Structures are given as structure tokens and as C-alpha cells.
Amino acid sequence: MRRILIVATGGTIASTPEGSGLMPTLTGRELAACVPLLDTLCELDFVQPLNIDSTNMRPRDWLRIAAVIRNAYDRYDGFVILHGTDTMAYTAAALSYLIQDSEKPIVLTGSQQPMAAPFTDAKLNLYHSVLYACDPASRDVSVVFGGEVICGTRARKQRTMSFNAFSSMNYPPLAYVRGDRVVRSAAPAPGEKDGRRPSFTDALDDRVIVLKLTPELRPSIFELLAPDYDAVILETFGIGGIPSYDGAYQRTIYDWVGSGRTLVVTTQVPEEGLDLGVYEVGRAYADRPGILRGDDMTTEALVAKTMWALGQTRDPAEVARLFYEPVNHDRTPR
């Protein structure tokens, strides 16, 4: 029988009503005990590195979760992380970079309703996640939610209340869970398992911020960000439009990267990605050293990958190399 480690971190799935509202109180073992037939799938063990609302999840917590998996990696066939939905996509992306090329599945799940709610989605999500983690063909980091298996770098929370909370952005779902069956999609099949250990890293630069362009946003915002941040993820208009404003943005952005900081250019449009070469308002940034193109990556993955890349090196050329190297299907190669 396969051995699965459940890593409980809190979230809605573990929450109960308290005086000030829902807050996580239940342990992973208590949650598993609520799911019929779960213990018939495999042998389960439990660890609880933290028990928080995922709104409070931070990069230091990603490192903590990654360390739990690293230390237990040889003793288990797979891992299921119970997590709040609000920042699950960030954690799934971060773990995709911190634990690369895992031959064992690392699955994140949670729920829109607490386990104790009368019409909760928590039971099925947890059952499906363990079922998927037990499948010999499963590997790498993924999100299992609402009957879909989504690549860890492509998940985005699209709905705040519906049970199909997550969508797979610019990449097909890896699989669907139908009853007790894992139905693989037409997405590229994972490589053959050859017994190699994954690549673990344990460094992140959390001085990364997302800046969303809005009409008349002043370029001087970069001066305010400079003392506290090493990189900006700039969400541009459309396919990659940055306002001309008499050249003010171009001068400011060139100064930003000229100072040794990093700029990642993406789009605030959720689907289909970025192309800086289409319009004049984006072309000036297409090939500038220090400016990285997000292409069709999610903002969540861009935040995590930039933190990871800057955590490994400060050399701009090496940062760019790490950034553009596809990891866990995070970007469509150009």
C-alpha cells in the first residue's frame, strides 16, 4: 500500500466558527477522519507545520513547507498539502520552483466551505487529492480542486464562492478525477520515472512586488518602491502596452533596471499572454537588459519564479537564464 504524507497548513478546510469569524482550528488527522473511505486508498501520515488562514501565508512559510517535504521525501510515495484557497496558487507556484522535477506527486488542495459545513466541498477535494497522489503516473506539483488537476504553475483562483474555484491558465488541466478514476488529459505526458531525486533549493528573495498599471499612474511610483524592492512585476495594459507620457515611463524603467534591479513585464489580462513586439508602446522594452518578459505565465508564477531566481543569483544574465527556463510547464516556449 502506498504511503502519503498529509501536510496540513490551515485554511478554510480546517476552519470552524469562532467569535470573530471562521478560523483554522482542525488538524490534518481530524480532517482526514471526516472523509469516508480515505483510509482505504493508502497509508496516511500527518504533519502540521502551521495552522493559519492562507491570507497570512508568506515566502518564509513556502520554505517551511518545502523543508517538510524535503526531509520526508524518501519515506513517502506522495504528498498532499491542505491549504487555504486565497494564496494556494502562489504556494503551488513557489513549490514548483523550490522542488523541481519531483517524480513523486506534491498535491495542494483545500475547500471553499469548511469541513464541518453541511454542503462542503472539502470531503471530495481531499479524497480526490489523495486518490491522485496514489496514482503511479502522478508527479510534480499540482492543484487538485473541483475534480480538476491543474499544473502548480498554471493555477489561478477565479471564483470566491463557487466550488470550481480554480482555473488552469493558458495550459490544459493535467487530468480530471471522475469517481475513483484519474482521467489524464491531452496535456504532455510526464517523463519516465527513473529514481532520480528532485532538485531542492531553499532561498527566496521576497523583495518582489506586483504593480498594476492604471490610467494616469505616475512613473514616480518606482522611486517610492526602490528602497524596499528588488523587482517589480509590471502588469501592463493589453498585450503589453506601457504609457508613453512624454517618455517618462521609459526613462524611469530604464533607470530602474540600470540600478541593478529587475523588471518583469506581464499583462493584466488573464489569458493568452504578452507580446511586447506588437505595439510601439511596448516595443521599447522588448529587448532591454534587465527587463524580463512574462509571456503567458500567471502573475502568481511570475512572483514566485522571480523570488526564486533572485534567491539563487544576483547576476542579471543568470537571473534571465533561470527565468526563461521552463519549469513545471510554467511558460510556453517561444
Side-chain angles (χ1 to χ4, degrees), residues 7 9-13 54-55 57-59 61-62 65-66 69 78-100 102 105-112 121-122 124-126 128-133 138-177 182-188 190 210 233 235 266-273 294-308 326-332:
V7 183
T9 70
T12 295
I13 192 171
S54 73
T55 297
M57 188 70 66
R58 295 189 280 184
D61 300 315
W62 302 339
I65 296 168
I69 295 172
F79 305 87
V80 173
I81 301 166
L82 304 182
H83 196 290
T85 59
D86 289 348
T87 59
M88 186 185 296
Y90 288 98
T91 301
L95 292 176
S96 296
Y97 302 116
L98 293 170
I99 309 171
Q100 295 184 30
S102 174
I106 301 167
V107 179
L108 289 91
T109 196
S111 63
Q112 293 284 70
D121 55 330
L124 204 54
N125 282 346
L126 180 48
H128 283 171
S129 296
V130 173
L131 181 72
Y132 182 75
S138 300
R139 59 176 296 156
D140 285 322
V141 180
S142 61
V143 170
V144 174
F145 207 99
E148 288 191 347
V149 181
I150 301 171
C151 184
T153 60
R154 295 289 189 166
R156 171 167 288 178
K157 186 174 181 182
Q158 290 283 83
R159 303 164 192 90
T160 59
M161 294 180 283
S162 301
F163 286 173
N164 60 335
F166 287 86
S167 294
S168 184
M169 307 306 298
N170 300 321
Y171 196 79
L174 299 174
Y176 300 88
V177 185
V182 175
V183 181
R184 303 279 164 179
S185 71
V210 177
I233 314 294
E235 290 192 337
T266 185
T267 170
Q268 54 194 257
V269 180
E271 298 185 23
E272 299 181 350
D295 294 336
D296 66 346
M297 292 177 65
T298 66
T299 296
E300 293 88 344
L302 289 171
V303 169
K305 194 169 194 178
T306 304
M307 288 184 177
W308 168 76
V327 175
N328 196 18
H329 309 297
D330 63 352
R331 65 189 302 126
T332 303

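All figures in this text were calculated on a predicted structure; none of them were measured in a lab.
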(request) Mind checking the CG-CD spacing from Leu174 to Glu148? Nearest 0.5 Å is all I need. (result) 10.0 Å
(request) Give, for atom CZ of Arg58 and atom OG1 of Thr87, the distance between the pair rounded to the nearest 0.5 Å. (result) 12.0 Å
(message) Going by salt bridge (charged side-chain N to carboxylate O under 4.0 Å, His left out), name the residues that satisfy it together with Asp61, two or more places apart in sequence or in a different chain.
(response) none
(request) To the nearest 0.5 angstrom, please state how far the CD1 atom of Ile106 sits from the CG atom of Asn328. (result) 9.5 Å
(request) Under the side chain to side chain contact (heavy atoms under 4.5 Å, CB included) rule, collect the residues that match up with Asp295, sequence neighbours excluded. (result) Arg293, Arg331, Arg334
(request) Could you tell me the separation between the OG1 atom of Thr109 and the CG atom of Leu82, rounded to the nearest 0.5 Å? (result) 7.5 Å
(message) Could you tell me if the side chain of Ile150 sits less than 4.5 Å from the side chain of Phe145, heavy atoms only?
(response) no
(request) Check whether any side-chain heavy atom of Met169 sits under 4.5 Å from a side-chain heavy atom of Pro270, and report yes or no. (result) yes
(message) For Asp121, give me all partners under salt bridge (charged side-chain N to carboxylate O under 4.0 Å, His left out), at least two apart in sequence or on another chain.
(response) none
(message) What I'd like to find out is whether the side chain of Ile81 reaches to under 4.5 Å of the side chain of Ile69, using heavy atoms alone.
(response) yes
(request) Supply the atom-to-atom distance Asp296 CG to Thr332 OG1, rounded to the nearest 0.5 angstrom. (result) 3.5 Å
(message) Testing the 3.5 Å rule here: is there a donor-acceptor pair between the side chains of Arg184 and Ser138?
(response) yes
(message) How long is the straight-line distance from NE2 of His329 back to CZ of Arg154, given to the nearest 0.5 Å?
(response) 9.5 Å
(request) Can you sort out the partners of Ala66 under side chain to side chain contact (heavy atoms under 4.5 Å, CB included), two or more places apart, ordered by chain and number? (result) Leu95, Leu98, Ile99
(message) Using a 3.5 Å distance criterion without hydrogens, assess whether the side chain of Ser162 forms a donor-acceptor pair with backbone atoms of Asn164.
(response) no
(request) Evaluate side chain to side chain contact (heavy atoms under 4.5 Å, CB included) for Met57 paired with Thr9, printing each intermediate quantity in order. (result) CA-CA 9 Å; Met57 188 70 66; Thr9 70; 4.1 Å; yes
(request) Taking the side chain as every heavy atom from C-beta outward, state whether Val107 and Ser142 have any pair of such atoms under 4.5 Å apart. (result) yes
(message) Ignoring hydrogens and geometry beyond distance, is a side-chain donor-acceptor pair present between Thr299 and Glu235 at under 3.5 Å?
(response) yes
(request) Just jot down the ring-ring contact (aromatic ring centres under 6.0 Å, His included) partners of Tyr97, sequence neighbours excluded, or say none. (result) Trp308
(request) Please name the residue in the list Met307, Glu300, Lys305 that meets the side-chain contact (heavy atoms from CB on, under 4.5 Å) test with Val303. (result) Met307
(request) Compare all side-chain heavy atoms of Ser102 with those of Phe79 and state whether any distance is below 4.5 angstrom. (result) no
(request) Applying side chain to side chain contact (heavy atoms under 4.5 Å, CB included), name anything that partners Glu272, two or more places apart in sequence or on another chain. (result) none
(message) Are the side chains of Lys157 and Gln112 in contact, using a 4.5 Å heavy-atom criterion?
(response) yes
(message) With a 4.5 Å cut-off on side-chain heavy atoms, are Thr85 and Phe166 touching?
(response) yes
